[in-house]
**Q** 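Here it is: the structure, laid out below.
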Amino acid sequence: STDTLTEDAEFYANLSVRGERIAFVPDAVTYDEEPLSFRQSMVQRRRWMSGIMEVAKRKSAGLLSSVLCHGGWCAFDCLLQLSFAFIQAWMIPMFLVDVLVDPSATLIGLPVSIAAFYCSTFTIGFASLLFEKRLTRKSVVALVLYPLFVFSFLPLQTLSLIAPNRQWKPIVHTGVRLRCREAGEE
């Protein structure tokens, strides 16, 4: 039983406070039900952002104590990860302040900032697929759209900061899909 909408982030924070290490297991088989539409994806990701922010509010004191009192690097890593939702949530309001303060300079730099964001996100995704030996024609199409997916988190995070989602509402799925390398998905 958990106290937030994101039990996985809460579990991660609880383990990190205790200094438990979390490891990647390449043979693990996981089951995932994916949203069937962009709208469902936005609803789900807003719930995640609200839940992660709630976990950060509830667990940051314990994580910080673990870092300062026990040199807990797991807790430090978790604290950084939970803080990203807040940092990114402030990007849109800060951009709007910049536009109000110096509109011409802000708007002149906007295309360069967007291009740099797109290129860096694309490059990170490309490198990940290349090193994991999962670069296929199908993954290249997804890779081209990946920066847009990442960018779509910004308004969700800002909205979650202003008006957090406090309810879990089920998303309709057609069934559970097996997600692992042995299943042959690329």
Side-chain angles (χ1 to χ4, degrees), residues 1-70 72-96 117 121 124-125 128 142-143 145-180 183 185:
S1 175
T2 61
D3 298 323
T4 67
L5 291 172
T6 49
E7 74 288 339
D8 50 351
E10 188 174 349
F11 183 61
Y12 170 47
N14 288 337
L15 291 175
S16 297
V17 165
R18 294 195 313 243
E20 301 278 340
R21 293 191 67 204
I22 300 168
F24 173 72
V25 180
D27 310 359
V29 175
T30 61
Y31 297 89
D32 181 53
E33 290 188 87
E34 299 167 349
L36 301 175
S37 69
F38 185 71
R39 184 183 183 296
Q40 285 180 339
S41 173
M42 296 293 276
V43 168
Q44 181 183 57
R45 291 184 292 140
R46 177 163 179 237
R47 183 176 64 237
W48 290 346
M49 294 304 97
S50 294
I52 287 169
M53 288 177 175
E54 183 66 24
V55 170
K57 290 174 191 172
R58 292 175 183 234
K59 304 295 180 177
S60 289
L63 289 164
L64 189 57
S65 175
S66 179
V67 170
L68 297 175
C69 298
H70 309 292
W73 289 108
C74 293
F76 180 71
D77 181 61
C78 182
L79 201 53
L80 286 177
Q81 191 156 358
L82 293 175
S83 70
F84 288 140
F86 289 102
I87 293 166
Q88 292 170 337
W90 280 101
M91 290 176 77
I92 290 176
M94 294 309 294
F95 171 75
L96 295 174
F117 171 83
T121 306
I124 290 167
S128 298
L143 189 56
L145 297 174
Y146 177 67
L148 301 174
F149 171 78
V150 172
F151 188 76
S152 71
F153 271 98
L154 294 179
L156 295 173
Q157 290 164 322
T158 303
L159 187 57
S160 293
L161 183 67
I162 296 165
N165 179 359
R166 303 215 186 271
Q167 306 186 295
W168 183 85
K169 292 180 185 170
I171 293 176
V172 178
H173 297 282
T174 58
V176 177
R177 291 179 46 187
L178 175 64
R179 302 287 294 184
C180 68
E185 283 201 304

**Q** Do side-chain atoms of Ser83 reach the backbone of Leu80 as a donor and acceptor pair under 3.5 angstrom?
**A**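 At least one qualifying donor-acceptor pair exists.
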**Q** May I ask you to test the Lys59-Cys78 pair for a side-chain heavy-atom distance under 4.5 Å?
**A**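 Of all side-chain heavy-atom pairs linking Cys78 with Lys59, none is under 4.5 Å.
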**Q** Is there a donor-acceptor pair closer than 3.5 Å between any side-chain N or O of Ser50 and the backbone N or O of Pro164?
**A**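 Not a single qualifying donor-acceptor pair exists.
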**Q** Please determine whether a side-chain nitrogen of the Lys or Arg among Glu10 and Arg58 lies less than 4.0 Å from a carboxylate oxygen of the Asp or Glu.
**A**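 Salt bridge flag = no for Arg58 with Glu10.
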**Q** What distance do Phe11 atom CZ and Ile22 atom CD1 have between them, rounded to the nearest 0.5 Å?
**A**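 Here the rounded value is 7.0 Å.
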**Q** Run Leu161 and Trp90 through side chain to side chain contact (heavy atoms under 4.5 Å, CB included) and show every step you take.
**A** CA-CA 9 Å; Leu161 183 67; Trp90 280 101; 3.5 Å; yes
**Q** What heavy-atom pair brings Ser16 and Ala75 nearest, and what distance separates the two atoms?
**A**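 For Ser16 versus Ala75, the nearest heavy atoms are O-CB, 3.6 Å.
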**Q** Surrounding OH of Tyr146 (heavy atoms of other residues, nucleotides or ligands, distance under 6.0 Å), is the total greater than 12?
**A**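 Counting neighbours around OH of Tyr146, 12 or fewer heavy atoms of other residues, nucleotides or ligands fall under 6.0 Å, so no.
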**Q** If I take atom CG from residue Leu5 and atom CD from residue Gln167, how far apart are they, to the nearest 0.5 angstrom?
**A**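 Between Leu5 CG and Gln167 CD, I get 9.0 Å after rounding to 0.5 Å.
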**Q** Is Ser66 reaching over with its side chain to a backbone N or O of Gly62, donor-acceptor style, under 3.5 angstrom?
**A**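 No; judged by distance alone, with no hydrogens or angles, the pair does not exist.
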**Q** Kindly compute the distance separating CZ (Phe153) from CZ (Arg46), expressed to the nearest 0.5 Å.
**A**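 These two atoms lie 13.5 Å from each other.
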**Q** Taking all non-hydrogen atoms of both residues into account, name the closest pair between Pro147 and Phe117 and its distance.
**A**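 The answer is O-CE2, 3.6 Å.
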**Q** Nearest 0.5 Å, please: how far is CD in Glu54 from OG in Ser160?
**A**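 Spacing of OG (Ser160) from CD (Glu54) equals 11.5 Å.
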**Q** Which heavy atom in Leu82 sits nearest to a heavy atom in Ala56, and how many Å separate them?
**A**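 Leu82 and Ala56 have their closest heavy atoms at CB-CB, 3.9 Å.
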**Q** Could you check whether any side-chain heavy atom of Tyr12 comes within less than 4.5 Å of a side-chain heavy atom of Asp77, counting everything from C-beta outward?
**A**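 Counting from C-beta outward, Tyr12 and Asp77 do come under 4.5 Å.
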**Q** What are the two closest non-hydrogen atoms of Thr158 and Ala89, and how far apart are they?
**A**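 Looks like OG1-O, 2.8 Å.
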**Q** Please list, chain by chain and in numerical order, all residues satisfying ring-ring contact (aromatic ring centres under 6.0 Å, His included) with Trp73, sequence neighbours excluded.
**A**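 Trp73: ring-ring contact (aromatic ring centres under 6.0 Å, His included) contacts with Phe76.
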**Q** To check you understand the geometry: which heavy-atom pair defines the closest contact between Ala13 and Leu63, and what is its length?
**A**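 Heavy-atom minimum between the residues: O-CD2, 3.8 Å.
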**Q** Looking only at heavy atoms, which two atoms of Val55 and Ala9 are closest? And how far apart?
**A**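 It is CG1-O, 3.8 Å.
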**Q** Give, for atom CD of Gln157 and atom CZ of Phe86, the distance between the pair rounded to the nearest 0.5 Å.
**A**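 Those atoms lie 10.0 Å apart.
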**Q** Once rounded to the nearest 0.5 Å, what's the spacing between atom OG1 of Thr121 and atom CZ of Phe149?
**A**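 So the OG1 of Thr121 and the CZ of Phe149 are separated by 12.0 Å.
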**Q** Would you say Ser65's side chain and Ala61's backbone share a donor-acceptor pair under 3.5 angstrom?
**A**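 No; judged by distance alone, with no hydrogens or angles, the pair does not exist.
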